[in-house]
Each structure stands twice: as C-alpha cells, then as structure tokens.
Amino acid sequence: MPELPEVETTRRGIEPHILGRQISAVEVRQSRLRYPVPADLARKLTGKTVRSVTRRGKYLLLDTGGLQLLIHLGMSGSLRITDSSQPPRKHDHLDIRFGDKLLRFHDPRRFGLVLLLDAAPEEHALLASLGPEPLSEAFDTDYLYRLSRHRKVAIKNLIMNSHVVVGVGNIYASEALFLSGIHPARAAQRISRARYAKLVQAIRKVLQQAIDEGGTTLRDFVREQGQPGYFARRLNVYGKAGDACPRCGSVILTRTIGQRSSFYCSRCQK
DNA sequence: ACAGTAACCTGTTTGC
DNA sequence: TGCAAACAGGTTACTG
C-alpha cells in the first residue's frame, strides 16, 4: 500500500502528536510481522521520549535518544493516533502509549515491520544499501543514467528497486513513466540521457504532488486520524485499464511486468 | 553484479 | 449463490 508519499503523509501526521512526548507503555498483541517484534520492545521503550520522527525511503524512524524504533508499513500497514477509549480492532497489532494518546499500528497482511535499532540506523542491513531519496539532489539525471547503462531490466523495475532509488512503488512508477512518455517495459539501457532527465523530473513531480494531496487512498490507506489521501483523483493511468488516455484518448493498457501490474498508454509511451 | 521467481499474509474482487 | 482463483500499494531470499 504505502509508497513514499503515504509514508511521508503518515510521518507528518503523527509527528505533532508524539514529538517530545514520553512513552508510558507499549502493548504488542501480535508479534509475528515480517520479522518478529522484539520481545523486549516494551521494556526498552517505556519511559523514553521521542526526540525525532524521520523517514528514510518507506521506513519511519522514531528516535528515542540512542534507540531508534524502525517501522515499515509493508503493503497494508497504517499508523493512527487514537486514545484509550478506542478498543483495538482486528489487525491492530501494536500500541505505543503516550499517556492519554496512542500510536496504533494496523496491518492486515503483516508485511510490515517494527524493530529496534541502535544509534546508527543507517548502518543497519535494511537501510545501509538503500539508494538516494528521490526528492534529494543526489537523485539526478547523471545518477540514474549512469546506473542504467548495460542494464537490461525493464525501466519500471529499475525505478522500483530500492537500491537504485527509494520510495517509488507500483502506483507512482506507472504514473511517472506515463508523465515522461516512457514505456514501462523498455530496457533501461535503451533509454537516452535526455529521456532520463524527463523521468527524474516526473518522479519528483508525481511524488511531491502526491505528498501535497496527502497520498493516494485506493482501498485501505488512511492518515493518522483515519482520513483518506486525495491523490487518487490525480492518477492518469494506474488502475485505469480500458479507460481513455487523458492525453491522447487511446485506451489504457495493463500488463504484468516483474510480477506487478503496470498501466500505460501505448501511443504516448514508447 | 544482475535478473527472475517464490515467499511472506489476509482480505476483497472476479469468474465460473 | 457458492466457491475457488486471482489480485492487492512491499521487500527479501534464493536461484541461475
């Protein structure tokens, strides 16, 4: 579910509720996520104060002073701010309690994760080999063009590879390729530098616009108070097989690329 | 190093 | 209507 815009929306949503606040209790109802939730999570976090709420790719990091809580929402995860009067629903696996308030982790498919890291989270195996942030200066035409040389992989798979660039998932990959006029199955090595310049700009643009709209809600993404994100109305191709291309009017096609559904206009994208 | 596939899990939609 | 298959926004592990 959540790609970079949804995770950033979540970060911005929860930060004002938990920054500077002390953790009074932690309740784990389901520890079997992608990796087991650490058995000593409650013991180690209780009494700590949240010093910062940051994001790296699709990971959220809550720094409690030398101890970092690492959270990933997987395909179906969400975080909400609620209170003790709300009984946990099915799949509400974990609560971080701040006195009267709760930060509640919900994840039906359990592809998400909650881990504790020491003081150098960027050195942890899950974070160490991540590519640059797409909205940072490090992600530019030269970088992506150089990486693409001699690579036969479909361009859609390349930009969804978190070792190449973080945060671009199945929705925004399709959208960015539509905006830049590149066919999602085109081999990465067979795209010109000029077209990579367009692609980099398209990725930045679509992610920034989605953040501005609070992310994309298709089925289950919700913001910190349960609100939807409104970027779904801006989607050009994702989920729109059979519809008319908003640019040229020909029919939007779908096809599986790298085990994921892809949506594109065969007239606008070559 | 790179590319392709299976696997993790539950809920909802689709098709016979 | 009922049931089974297919599909869903992510990532890693394994294979060749």
Side-chain angles (χ1 to χ4, degrees), chain A residues 1-10 29-37 55-60 70-79 89-94 105-115 124-131 134 146-177 184-190 203 206-207 210-211 213-223 228-235 237-242 254-263:
Chain A
M1 149 182 89
E3 304 183 36
L4 185 149
E6 290 73 40
V7 178
E8 178 61 20
T9 294
T10 298
R29 284 176 289 272
Q30 169 62 274
S31 61
R32 294 174 59 190
L33 302 181
R34 190 168 117 213
Y35 305 112
V37 175
R55 177 187 58 73
R56 176 72 175 103
K58 298 172 188 168
Y59 291 92
L60 286 170
L70 181 72
I71 300 174
H72 194 289
L73 301 177
M75 289 277 266
S76 58
S78 59
L79 286 170
R89 301 162 300 163
K90 194 175 184 183
H91 307 306
D92 281 345
H93 303 315
L94 185 118
F105 177 82
H106 177 85
D107 184 11
R109 292 179 73 180
R110 287 193 272 131
F111 287 169
L113 69 82
V114 176
L115 293 176
H124 187 274
L126 290 173
L127 303 179
S129 58
L130 292 179
R146 259 186 262 135
L147 253 181
S148 70
R149 295 306 86 186
H150 310 298
R151 295 193 61 168
K152 303 179 191 309
V153 72
I155 184 59
K156 178 159 177 277
N157 294 339
L158 186 78
I159 61 175
M160 288 179 67
N161 181 344
S162 64
H163 301 294
V164 172
V165 59
V166 297
V168 182
N170 205 33
I171 294 178
Y172 300 112
S174 276
E175 293 297 313
L177 289 164
R186 174 167 287 272
Q189 62 182 355
R190 296 190 55 242
I203 290 171
V206 73
L207 294 178
I211 292 170
E213 301 245 16
T216 299
T217 296
L218 291 182
R219 2 174 10 106
D220 49 12
F221 172 69
V222 289
R223 300 177 58 172
Y230 294 112
F231 192 73
R233 65 181 73 170
R234 309 276 176 240
L235 296 175
V237 291
Y238 185 85
K240 299 194 180 294
T254 184
R255 162 177 165 184
T256 300
I257 298 169
Q259 299 178 310
R260 312 299 297 277
S261 296
S262 305
F263 300 86

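Below, all heavy atoms of this structure are taken into account, side chains as well, without hydrogens, waters or symmetry copies. In what follows, chains carry the letters A, B, and so on, assigned in the order in which the sequence lines appear, proteins first and then strands, with residues in each chain numbered from 1. Being a predicted model, the structure only gives us computed values, none of them experimental.
Residue Tyr59(A) is in sugar-phosphate contact alone, with no base atom involved, counting any heavy-atom pair closer than 4.0 Å across all strands shown. Across all strands, Leu126(A) comes closer than 4.0 Å only to sugar-phosphate atoms, never to a base (heavy-atom distances).
For the residue pair His106(A) / Ser78(A), no side-chain donor-acceptor distance below 3.5 Å is found, with atom types taken as modelled.
Scanning both residues, Ser174(A) and Phe263(A), for their nearest heavy atoms gives OG-N, 3.3 Å.
Atom CG of Asp107(A) and atom C1' of dC8(B) are 11 Å apart (whole Å). The distance between atom CG of Leu73(A) and atom P of dG10(C), rounded to the nearest whole Å, is 11 Å. One atom, CE of Met160(A), and another, P of dC2(B), lie 18 Å apart when rounded to the nearest Å. Rounded to whole Å, the distance from CD on Gln189(A) to C1' on dC2(B) is 12 Å. The interatomic distance linking Arg149(A) (CZ) with dA3(B) (C1') rounds to 17 Å, in whole Å. Taking atom CZ of residue Arg56(A) and atom C1' of nucleotide dT11(C), one finds them 15 Å apart after rounding to whole Å. The nearest whole Å value for the distance from the CG atom in Asn161(A) to the P atom in dA13(C) is 14 Å. Between the CD1 atom of Ile155(A) and the C1' atom of dA3(B) there is a distance of 15 Å, given to the nearest Å.
Within 6.0 Å of CZ in Arg149(A) there are more than 12 heavy atoms belonging to other residues, nucleotides or ligands. When the shell of 6.0 Å around CZ of Arg29(A) is examined, it contains more than 12 heavy atoms from other residues, nucleotides or ligands.
Asn161(A) has its side chain out of reach of Val168(A): every pair of non-hydrogen atoms, C-beta onward, lies at least 4.5 Å apart. Counting only heavy atoms from C-beta outward, the side chains of Pro2(A) and Thr10(A) never approach each other to under 4.5 Å.
The aromatic rings of His72(A) and Tyr59(A) sit perpendicular to each other, their planes meeting at more than 60°, with 30° as the lower class boundary.
For the C1' atoms, the distance linking dG9(C) with dA3(B) amounts to 23 Å, nearest Å. Atom P of dC9(B) sits at a distance of 16 Å from the matching atom of dC14(C), rounded to the whole Å.
Contact check, Lys58(A) against dG10(C): a side-chain N or O comes under 4.0 Å of OP1 or OP2. For dT11(C), the OP1/OP2 oxygens have a side-chain nitrogen or oxygen of His72(A) closer than 4.0 Å. Between dG9(C) and Ser76(A), no contact under 4.0 Å exists linking OP1 or OP2 to a side-chain N or O.
The side chain to side chain contact (heavy atoms under 4.5 Å, CB included) test with Tyr172(A) singles out one residue from Ile203(A), Ile159(A), Val206(A), and that residue is Val206(A).
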List the protein contact pattern of nucleotides 9-16 of chain B with one symbol per nucleotide (5' to 3'): B for base contact, S for sugar-phosphate-only contact, - for none; contact means a heavy-atom distance under 4.0 Å. BBSS----

5'-to-3' dot-bracket of DNA chain C (Watson-Crick, G-U; under 3.5 angstrom; crossing pairs as [ ]; | other strand): .|||||||.|||||||

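Ion pairing of Arg110(A) with Asp107(A) is absent here, as no side-chain N (NZ or NE/NH1/NH2) approaches a carboxylate O to less than 4.0 Å. Salt bridge annotation for Glu3(A)-Lys58(A): absent, with no cationic side-chain nitrogen under 4.0 angstrom from a carboxylate oxygen.
Checking dA3(B), dG10(C), dT12(C) against every side-chain atom of Glu3(A), the shortest atom distance belongs to dG10(C). Of the candidate nucleotides dT12(C), dA8(C), dA3(B), dA8(C) has the atom lying nearest to any side-chain atom of Met75(A).
Where Gln259(A) and Leu147(A) meet DNA chain B, the nucleotide closest to each residue was compared, and Leu147(A) sits on the side nearer the 5' end.
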